[in-house]
A.B. asks: 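Okay, here's the structure, questions in a sec.
So you know, we letter chains A, B, ... as the sequences are listed, proteins then strands, and number each from 1. Because only heavy atoms are used, hydrogens play no part in the values below, and waters and symmetry mates are left out as well, while side chains stay in.
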Amino acid sequence: MMRSIKDTGDSGVGIRMAAAVVTSVMLAAIAAVALSRQPLIALRAFFLVPFLSASSFLSMLELSGPLALCALGVVVTFRAGHYSLGGEGQAYAGALAAAMVGTSATSIAGPSAMLLSLGAGLVAGGLVAALPAAGKRFANADVLLTSILVSQSVVFAVDWAIADPLRDPTGNLVAMRSIPAASLLHRLAPPSTLTIIPFATVVLCLIAAFYFEHTRSGAAHDLYGRNHQFAGLQGFNTRRLSWLPIVVAGSLHGLAGAAMALGARGTAIRGMSGGIGWSAIGAALVAGSRPSAVPLAALLFSWLDSGSRQAVVLSDLPPDAGLAIKAIVIIVISARPTMAGVRSACARAMSRLRPGRRQAGQ
Amino acid sequence: MYTVSNAAFDALVFLAPMLPAAVGGLATELAGTLNIALEGLILTGAFVYVAAASVAGPIAGAFIALAVTAAVSYGMDGISRKAKADSFVVGLGINMLAPALASILSQVFFGTKGVVVVPGLQSSRVLESLSSTSFVGPVFGHRLSDYLAILVAMVIGVALAYTPFGLRARAAGQNPEALRMAGLDAGRLRGIAFLVSGVACGASGAALAASLGAYVPNMSAGRGWIALVAIYLGGKDLVGTVVASAFFALLLSVASGAQSLSVAPPELLMALPYFVTAIVVIAGSYGALRRRH
């Protein structure tokens with residue numbers, strides 16, 4: 001299952017983003033009209049409501065932060081030629097670890113407890129990724145398989161931890177105790193859930209862009225992703241690149257989970273990762289594996305989430321419409337017929353039409 | 001009392017929906033591009049079976065499920081080849097799309113996005129009287145749909161091992177240029193392999209739904225991913241894939257059986273097969289690496 005990654009930074013990001021936006025808008029409109037008995041309300045909820053008030057827009061912006069962190073992790077692995085699919089379990093483990101530290105470190109002053117919780121999430125995500133990374137490093141085991149298997153087992157284990165030993169017995173929600181307010185990420189513009197996470201993520205993405213475009217290590221990282229043997233021949237440390245990007249990506253996913261627990265959610269809730277690992281892969285693909293485009297791609301996906309959620313609440317649009325649209329967007333943006341291909345398809349179509357024209361002319 | 005016989009019986013229950021997907025996936029791997037969407041296609045097969053069978057009956061439902069999953073799988077390969085899309089990404093997209101679309105259509109047609117139970121759809125058990133036979137007893141007394149799914153896997157396996165299609169599919173994967181020089185289209189063969197894989201996943205999904213007589217959201221429950229692991233762990237070989245599938249089925253059976261015996265939480269017992277499988281994949285890869293050196 002050795003594969004070459006096509007979705008590295010050379011792809012036309014602008015065209016991808018435009019294609020993703022146009023496809024999303026079209027599909028959202030079709031979904032609202034076809035699946036809802038109140039199409040006008042559904043359309044308004046999908047397209048306008050997320051932007052109508054500052055609070056809903058800023059909450060949507062907050063939603064994009066953890067997703068962008070995960071997508072950045074995906075970019076880090078994709079550009080090293082690894083297909084890691086374990087993001088879901090890594091993010092979920094990060095959320096659990098952050099909530100555990102956040103709820104137990106009550107004797108530590110607020111910001112330190114918050115930083116400690118974020119660090120716990122970072123480490124937990126990295127630890128979940130460590131087994132697939134070690135498998136790749138020491139046994140050349142396929143990361144695609146090992147990462148998803150480990151992730152699946154972690155999801156089950158975290159489900160149990162939240163629902164059983166760590167569950168808050170006083171609440172109806174299957175969740176841990178709430179993290180003390182002093183340890184949570186500070187809300188910048190209440191009543192919205194906006195925290196510093198989306199802005200910190202933009203900074204991280206810019207640092208990653210600089211790393212890939214302007215550093216020797218970044219060039220080695222990219223080269224390893226394209227041809228690891230050639231990277232080895234160039235004298236780059238290919239052993240390190242065989243495992244480190246997987247762990248870094250795991251840590252970024254863990255950090256995203258921690259950001260969710262310390263941000264909008266306020267604790268770890270069963271099932272809170274909610275497909276973020278898969279959405280992150282989609283966002284990374286929309287961004288063409290360019291870190292600088294990741295925040296925009298994540299914002300697009302968080303709009304789809306917010307819009308569909310609003311449409312579900314305000315109209316009768318099925319709840320999974322947003323997920324279906326994201327999936328179709330991923331398929332559409334992965335297709336990129338070359339201009340030569342488009343021309344030859346047009347030429348073929350024209351040649352099929354010509355005999356008909358001749359007959360019509362006769 | 002949970003016995004070896006119970007474990008073997010349950011292992012066959014787990015194997016029946018997994019084996020066709022694994023053998024069908026192997027066909028695509030041999031043809032050069034692994035179908036990563038087995039999970040989504042199994043779920044598609046299960047939903048379409050229940051939806052179609054609720055209108056047209058179980059036999060027509062099964063055929064419609066096979067046809068739809070075959071069309072989706074063939075279409076996936078078409079998108080990859082004609083539109084130069086990455087087949088891996090398209091597969092991921094299908095894996096995301098299948099549960100979402102099934103949920104939407106379930107809401108539209110059945111008025112619920114939860115469990116859809118259709119009376120009279122559960123496949124009946126056959127040869128139950130033989131299930132108490134010593135040693136071979138666990139082979140009998142399963143649902144008819146389970147036997148049919150295994151039959152589909154066997155037919156595909158025989159086609160891969162003994163027919164010109166199998167030989168050409170391997171050639172398409174190993175040396176497409178040579179195939180082209182022999183006047184055959186490697187892309188078309190890959191498309192047929194995807195079609196076969198779609199039929200196999202349709203059989204897996206239909207068997208899964210028929211064994212319960214219902215569609216349950218996300219009822220594929222990782223079987224497609226385990227089928228992929230079985231292909232890899234089986235050394236991309238037919239016999240190896242079948243043996244690896246049987247191993248995982250036994251592992252899942254033991255984990256499931258342990259829930260009734262043990263005080264350990266069910267979630268942790270369900271996590272165990274995935275974790276053990278990851279270790280087995282790494283150990284297997286390590287062994288292969290040692291042999292190469």
Side-chain angles (χ1 to χ4, degrees), chain A residues 1 3 5-7 31 35 83 85 131-132 134-136 138-142 144-161 163-165 275 278-279 281-282 285 316 318-338 341 345, chain B residues 29 34 36 40 76 79-80 82-90 92-108 113 222 225-226 228-229 231-233 236 265-290 292:
Chain A
M1 237 191 284
R3 304 179 46 82
I5 305 290
K6 295 176 191 169
D7 295 289
L35 299 173
Y83 269 114
L85 302 183
L131 185 61
K136 181 68 186 172
F138 297 109
N140 197 28
D142 199 304
L144 186 148
L145 299 176
T146 53
S147 61
I148 193 154
L149 287 167
V150 171
S151 168
Q152 191 60 46
S153 63
V154 167
V155 167
F156 276 121
V158 176
D159 271 349
W160 164 75
D164 197 2
W278 300 109
S279 295
I281 293 174
L285 290 166
D316 58 347
D320 288 302
L323 184 61
I325 293 170
K326 276 194 269 187
I328 296 172
V329 168
I330 289 171
I331 295 170
V332 169
I333 55 116
S334 76
R336 55 214 122 141
T338 57
Chain B
E29 172 65 27
L34 181 63
I36 203 106
M76 273 173 59
I79 292 171
S80 303
K82 305 284 182 192
K84 303 206 187 306
D86 189 321
S87 59
F88 172 82
V89 179
V90 177
L92 280 183
I94 294 292
N95 282 337
M96 273 176 82
L97 184 62
L101 213 52
S103 166
I104 292 169
L105 294 175
S106 178
Q107 182 109 45
V108 170
K113 63 174 225 147
W225 293 110
I226 294 181
L228 285 180
V229 178
I231 296 166
Y232 181 80
L233 208 65
K236 297 167 187 174
E267 289 99 335
L268 291 187
L269 290 170
M270 289 315 291
L272 208 59
Y274 292 96
F275 190 73
V276 170
T277 306
I279 299 292
V280 170
V281 169
I282 292 171
S285 304
Y286 185 69
L289 196 68
R290 289 283 301 265
R292 275 205 298 276

A.B. asks: Considering only heavy atoms and a distance below 4.5 Å, find which of B:M270, B:Q107, B:R290, B:M76 pairs most often with chain A.
C.D. replies: B:M270

A.B. asks: Between OG of A:S151 and CZ of A:F156, what distance do you get to the nearest 0.5 Å?
C.D. replies: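 Between atom OG of A:S151 and atom CZ of A:F156 there are 10.5 Å.
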
A.B. asks: With chain B as the partner, which of A:V155, A:L85, A:D159 has the greatest number of non-hydrogen pairs under 4.5 Å?
C.D. replies: A:L85

A.B. asks: Check A:S153 against B:Y274 and note the closest heavy-atom contact, atom names and distance.
C.D. replies: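 Smallest interatomic distance, heavy atoms only, reads CB-CB, 3.9 Å.
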
A.B. asks: Could you list the donor-acceptor pairs under 3.5 angstrom formed by side chains in residues 96-106 of chain B, with sequence neighbours left out?
C.D. replies:
residue: B:S103; atom: OG; partner: A:D320; partner atom: OD2; Å: 2.4
residue: B:S106; atom: OG; partner: B:T112; partner atom: O; Å: 2.5

A.B. asks: For B:L92 and A:W278, what are the C-alpha separation, side-chain angles and deciding distance, and is it a side-chain contact (heavy atoms from CB on, under 4.5 Å)?
C.D. replies: CA-CA 8 Å; B:L92 280 183; A:W278 300 109; 3.5 Å; yes

A.B. asks: Between B:V90, B:V276, B:L268, which residue shows the highest count of heavy-atom pairs closer than 4.5 Å to chain A?
C.D. replies: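 Top option by heavy-atom pairs under 4.5 Å: B:L268.
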
A.B. asks: At a 4.5 Å cut-off on heavy atoms, which part of A:L131 comes close to chain B: side chain, backbone, both, or neither?
C.D. replies: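 Both parts, backbone and side chain.
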
A.B. asks: Who wins among A:A163, A:A157, A:A139 for the most heavy-atom pairs under 4.5 Å with chain B?
C.D. replies: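 The option with the most such pairs is A:A139.
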
A.B. asks: With a 3.5 Å cut-off and sequence neighbours excluded, list the donor-acceptor pairs that the side chains of residues 278-289 of chain B form with protein atoms.
C.D. replies:
residue: B:S285; atom: OG; partner: B:V281; partner atom: O; Å: 2.8

A.B. asks: Counting only heavy atoms closer than 4.5 Å, note whether B:V108 contacts chain A via side chain, backbone, both or neither.
C.D. replies: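 Only the side chain of B:V108 comes within 4.5 Å of chain A.
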
A.B. asks: Of the backbone (N, CA, C, O) and the side chain (C-beta and beyond), which part of A:L35 lies under 4.5 Å from a heavy atom of chain B, both, or neither?
C.D. replies: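 The side chain, not the backbone.
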
A.B. asks: Just verifying a value: how many Å separate A:I333 CD1 and A:L285 CG, rounded to the nearest 0.5 Å?
C.D. replies: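 One gets 5.0 Å once the value is rounded to the nearest 0.5 Å.
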
